[in-house]
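Heads up: the structure comes next, in structure tokens.
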Amino acid sequence: MSIVNAKEIMIEAAENKYAIGAFNVTNIIQMEAVVEAAVEKKSPLIIQTSVKPSKFIGRHVFVAVYRTLAEAAPIPICLHLDHCTDIEYCKQCADAGYTNIMIDASKQVYEENIRQTKAIVDYCHSIGDISVEGELGTVSGVEDQIKVAEDEAALANPTQSVEFVERTGVDVFAPAIGTAHGVYKTKNPKVDFERMGQIHKLLNGNGVKVPLVVHGGTGLPEDYIQKLIEMGGAKFNVSTELKHTLIDATWGYLSEHRDEYDPGKLDAFTKDAIRHAVGHWIDMLGSEGKA
Ligand code: 13P
């Protein structure tokens, strides 16, 4: 049985200076690809779905496939609901069997963010071993149904981060530090490493209690990734890269096999491309062999 929440595997990662890849999937084949990559690398894994695919495929379907794959895999795997702004849907996914829930009330005013995040923490902790991720500040770009313009994005204040974590009781914390969803427009995005380090020190200086999440993994230069792991990043979210991988692989395959009508072959090809991309992330995050 390798069904876990995010907190336990992230604490272990933060203590040992590696990070866990959290890969957004939109269908079952991607889910299988991500699991196969992590099993091959003997790495702990976080699978995540945004709200839209969760509703499209159905939360119970995702959970059933997750449980089947995780129970057969010799590695710990978490299923995370990403950036959910709807309290009721957060609760429904927790009830269905997601093991980490992100309530994203980061666009709300501070007190409302605390109120909503705490409500989900209280709920998830009351029904089982489900960890909760909260966000402070806002990450620019587009993820699922949430859009944040660059000039709207605000970085997390370190002292306020401590208060936020204490008052909400969140298990894992995503401070906005300048990373962005989508494709970075520059080769050297402006990321506030110092802020990340300061927040990590304030929260986890005397032993890791609330591990940190880095959003906007796609396109982050490898030296940034290493530095962010050094500064306490224990979960890296990767979405856009996998979407591009899927679409590009599909397009490439179909262009070369225009007269072939064998969906299984197309599925195998795209699955392989995603497996490869995830394997590369696991190498960068240093989680190979940590399961
Ligand atoms: P990217 O789409 O930039 O990889 O970001 C993913 C993310 O942070 C999902 O929460």
Side-chain angles (χ1 to χ4, degrees), residues 20-41 43 45-59 61-62 64-66 68-69 73 77 79-84 139-150 179-189 214-222 224-225 235-285 287-288:
I20 298 170
F23 302 102
N24 285 69
V25 302
T26 56
N27 68 30
I28 308 300
I29 291 167
Q30 291 170 57
M31 207 179 213
E32 286 175 342
V34 165
V35 171
E36 280 177 22
V39 168
E40 264 168 34
K41 299 272 184 189
S43 165
L45 171 69
I46 298 170
I47 306 170
Q48 47 193 35
T49 77
S50 298
V51 173
K52 224 192 302 169
S54 174
K55 287 186 174 170
F56 183 70
I57 300 281
R59 61 186 184 282
V61 177
F62 268 137
V65 177
Y66 157 64
T68 305
L69 294 173
I77 310 181
L79 180 63
H80 164 87
L81 177 69
D82 205 27
H83 287 287
C84 184
V139 176
S140 74
V142 182
E143 175 55 38
D144 202 25
Q145 79 281 30
I146 305 170
K147 279 196 193 97
V148 179
E150 239 171 277
T179 57
H181 294 132
V183 177
Y184 290 99
K185 293 184 193 96
T186 146
K187 268 198 168 154
N188 301 302
V214 177
H215 282 254
T218 298
L220 272 183
E222 197 165 345
Y224 281 38
I225 295 170
K235 168 179 185 264
F236 279 66
N237 289 7
V238 183
S239 175
T240 304
E241 179 181 328
L242 297 191
K243 286 181 192 155
H244 285 212
T245 302
L246 174 73
I247 306 263
D248 289 347
T250 305
W251 181 258
Y253 188 87
L254 289 178
S255 318
E256 295 209 344
H257 301 81
R258 194 57 204 90
D259 298 321
E260 180 187 281
Y261 289 87
D262 186 339
K265 285 190 178 164
L266 172 62
D267 290 345
F269 188 81
T270 56
K271 190 176 176 186
D272 205 47
I274 291 168
R275 204 164 44 82
H276 190 74
V278 169
H280 181 236
W281 265 99
I282 290 174
D283 291 343
M284 290 197 289
L285 298 175
S287 65
E288 179 166 11

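Predicted, not measured: the structure shown is a model, and the values here were computed from it.
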With heavy-atom distances below 4.5 Å as the criterion, would you say the side chains of [X] and [Y] are in contact?
X	Y	result
V25	T49	yes
N237	I46	no
T240	H181	no
I57	V65	no
F236	M284	no

Review point. Got a donor-acceptor contact below 3.5 angstrom from the Y184 side chain to the G216 backbone?
Key: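 Answer holds: yes.
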
Check your understanding: Should the heavy atoms of other residues, nucleotides or ligands under 6.0 Å from NE2 of H257 be counted, would the total exceed 12?
Key ->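 It does: H257 NE2 has more than 12 such atoms within range.
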
Check your understanding: Does the side chain to side chain contact (heavy atoms under 4.5 Å, CB included) test come out yes or no for T218 and K243, once each step is laid out?
Key -> CA-CA 10 Å; T218 298; K243 286 181 192 155; over 6 Å; no

Interatomic spacing from [atom1] in [X] to [atom2] in [Y] - rounded to 0.5 Å:
X	Y	atom1	atom2	answer
E36	L69	CD	CG	8.5 Å
E32	T68	CD	OG1	10.0 Å
L246	I29	CG	CD1	8.5 Å
E40	E288	CD	CD	10.0 Å
I20	I77	CD1	CD1	11.5 Å
E222	W281	CD	CH2	9.0 Å

Practice item. Evaluate side chain to side chain contact (heavy atoms under 4.5 Å, CB included) for V35 paired with Y66, printing each intermediate quantity in order. Key: CA-CA 9 Å; V35 171; Y66 157 64; over 6 Å; no

Nearest heavy-atom neighbours spanning [X] and [Y]:
X	Y	value
V51	H83	CG2-O, 4.1 Å
A38	I282	CA-CD1, 3.7 Å
H215	T179	O-OG1, 2.7 Å
K41	G279	CE-O, 3.6 Å
N27	Q30	OD1-N, 2.8 Å
T26	P53	CA-CB, 3.9 Å

Check your understanding: What's the verdict on side chain to side chain contact (heavy atoms under 4.5 Å, CB included) for I28 and F62, showing C-alpha distance, side-chain angles and the deciding distance?
Key -> CA-CA 7 Å; I28 308 300; F62 268 137; 4.3 Å; yes

Check your understanding: Can you name the salt bridge (Lys or Arg N to Asp or Glu O under 4.0 Å) partners of D272, sequence neighbours left out?
Key ->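 D272 satisfies salt bridge (Lys or Arg N to Asp or Glu O under 4.0 Å) with R275 once adjacent residues are dropped.
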
**Study point:** Intermediate values then yes/no, side chain to side chain contact (heavy atoms under 4.5 Å, CB included), N24 and D82
**Key:** CA-CA 8 Å; N24 285 69; D82 205 27; 3.2 Å; yes

